[in-house]
Amino acid sequence: MEESSNSSGKGFLLLGFSDQPQLERVLFVIILVFYILNLLGNAAIILVSCLDTKLHTPMYFFLSNLSCVDICFTTSVAPELLVTMNKKDKTMSYGGCVAQLYVAMGLGSAECILLAIMAYDRYAAVCRPLHYTTIMHPQLCASLASTAWFSGLVTSLIQCSLTVQLPLCGHRKLDHIFCEVPVIIKLACVDTTFNEAELFVASVVFLVVPVSLILVSYGFITQAVLRIKSAAGRRKAFGTCSSHLVVVVIFYGTIIFMYLQPSKSSSKNQGKFVSLFYTIVTPLLNPIIYTLRNKDVKGALKTLVRGNVLGLKRI
């Protein structure tokens, strides 16, 4: 018998790793530590980018937006996942699942666009250094960041609204770590060809197109860097861009694996670990890579900490 997904009387059974209790306990600790570090690291980037005038540049403006997206994206998944993993009853309310569906989809899509914008910013900085401040003026930066957030909102409203309209089969067992569109679609009792086609188109727009633009940008960047005569200049340019490229490869690689592969081509646990990677691990890489490999951010953090210590001593 079919059930309408709009009947909110029943929740979903979020199975996660409940069939492997020992693994679940280990993952609980890892996810908790990663989540706390993610909050602290990304919050630190936002804080120093706002307080240090030296970091009031387009690069750190977009980096602050990326950190904000990462905090919200991880928070939409990690707390509920930790609560579910720590209790015997794995039930998640219908409203909670739908809210998570919309928020995670919107923020994930916004990050896809934001990373492409950051690649364009690096292209302008390396390939057009003399015109960089003219090209990346504050109004354009604000417009580009707004476009990333708005595009995530639009695709979330469209994709998730189509998904929650699907009538579900008798069971509501989600063999996954959180409520995600491809997983919900698999529970439907009707033909989901249209939903799958729409999801594929959205994936191409938010994954394949940005990745293609990023690769083109870095092709031009590589050519420009190789023309730099100074070895120190080449190292600095490659160092700045390689940090962004590492985040791009890991983030897009795992999401493309999840959204663009055939639905039956991977094991269930494989899909869960991939989702864990781009919702929990990748957002932590942003502060690690940008702080450990960036002298400006490290210097700003030291100045901020030193100022707070001196202020406490005076008190």
Side-chain angles (χ1 to χ4, degrees), residues 62-63 65-66 68-70 72-74 76-77 100-123 144-163 176-186 192-221 241 243-266 270-286 289:
F62 293 127
L63 182 57
N65 275 269
L66 181 63
C68 184
V69 170
D70 282 337
C72 297
F73 186 36
T74 307
S76 71
V77 175
Q100 188 179 70
L101 193 72
Y102 276 96
V103 174
M105 170 63 77
L107 293 169
S109 301
E111 181 155 353
C112 290
I113 302 300
L114 193 55
L115 287 171
I117 292 171
M118 291 177 71
Y120 175 72
D121 172 64
R122 291 300 84 209
Y123 160 78
L144 290 173
S146 299
T147 299
W149 287 92
F150 183 72
S151 61
L153 173 63
V154 171
T155 190
S156 175
L157 290 175
I158 295 173
Q159 183 63 58
C160 297
S161 297
L162 290 172
T163 302
H176 202 51
I177 62 168
F178 72 104
C179 293
E180 199 167 13
V181 170
V183 183
I184 300 292
I185 288 177
K186 290 179 182 178
T192 58
T193 302
F194 174 77
N195 294 77
E196 291 173 0
E198 200 277 334
L199 179 61
F200 178 80
V201 171
S203 299
V204 169
V205 172
F206 284 89
L207 296 175
V208 178
V209 173
V211 167
S212 301
L213 294 175
I214 290 170
L215 292 177
V216 170
S217 296
Y218 275 94
F220 286 114
I221 288 172
C241 297
S243 300
H244 176 244
L245 199 55
V246 168
V247 175
V248 164
V249 169
I250 296 174
F251 180 74
Y252 283 107
T254 50
I255 293 190
I256 286 174
F257 179 87
M258 184 69 186
Y259 279 80
L260 290 180
Q261 67 164 341
S263 58
K264 296 182 180 180
S265 64
S266 65
Q270 194 176 37
K272 294 174 190 176
F273 279 113
V274 169
S275 295
L276 266 181
F277 211 86
Y278 64 76
T279 55
I280 307 296
V281 178
T282 306
L284 179 59
L285 294 179
N286 174 25
I289 290 174

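Hydrogens, waters and symmetry mates are skipped; everything else that's a heavy atom, side chains included, is used.
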For this session: Look up atom CZ in F277 and atom CZ in F257, then write down how far apart they are to the nearest 0.5 Å.
Result: 12.5 Å
Exercise. Are any side-chain N or O atoms of E111 and backbone N or O atoms of L66, one a donor and one an acceptor, separated by less than 3.5 Å?
Worked result: no
For this session: Go through the steps for S275 and M258 under the test side-chain contact (heavy atoms from CB on, under 4.5 Å), then give the verdict.
Result: CA-CA 7 Å; S275 295; M258 184 69 186; 3.8 Å; yes
For this session: Mind checking the CG-CZ spacing from L207 to F200? Nearest 0.5 Å is all I need.
Result: 10.5 Å
Problem set entry | Shortest non-hydrogen contact from S217 toward A119 | CB-O, 4.0 Å
Exercise. Is F206 close to I255 at the side-chain level, that is, under 4.5 Å between some pair of heavy atoms?
Worked result: no
Exercise. So F73 and F251, would you call those rings parallel, tilted or perpendicular, with 30° and 60° as cut-offs?
Worked result: perpendicular
Exercise. Would you say the side chain of I117 lies within less than 4.5 Å of the side chain of D121, judging by non-hydrogen atoms?
Worked result: no
Exercise. Is any side-chain heavy atom of S203 closer than 4.5 Å to a side-chain heavy atom of L199?
Worked result: yes
For this session: Would you confirm whether T254, through its side chain, and V274, through its main-chain N or O, come within 3.5 Å as a donor-acceptor pair?
Result: no
For this session: Hey, could you give me the CD1/CG distance between I185 and L162, rounded to the nearest 0.5 Å?
Result: 9.0 Å
Problem set entry | Value rounded to 0.5 Å, distance of CG in L114 from CG in L107 | 11.0 Å
Exercise. Given L215 and V211, is the side-chain contact (heavy atoms from CB on, under 4.5 Å) satisfied, shown in steps?
Worked result: CA-CA 6 Å; L215 292 177; V211 167; 4.0 Å; yes
Exercise. Distance from T147 atom OG1 to I113 atom CD1, nearest 0.5 Å?
Worked result: 9.0 Å
Problem set entry | Heavy-atom donor-acceptor pair, S151 side chain to A148 backbone, under 3.5 Å | yes
Problem set entry | Exercise: identify the closest heavy-atom pair between S156 and M105 | CA-CG, 3.8 Å
Exercise. Which atom names give the shortest non-hydrogen contact between Q100 and S76, and what distance separates them?
Worked result: NE2-O, 2.9 Å
Exercise. What's the shortest heavy-atom distance between S109 and G152, and which atoms?
Worked result: CB-CA, 3.9 Å
Problem set entry | Flag, side chain of T74 to backbone of T279, donor-acceptor distance under 3.5 Å | yes
Seminar exercise, completed: Value for CD1 (I280) from CZ (F178), rounded to nearest 0.5 Å, stands at 9.0 Å
Problem set entry | L144 vs F62 side-chain heavy atoms within contact, under 4.5 Å | yes
For this session: Taking the side chain as every heavy atom from C-beta outward, state whether Y259 and E180 have any atom pair closer than 4.5 Å.
Result: yes
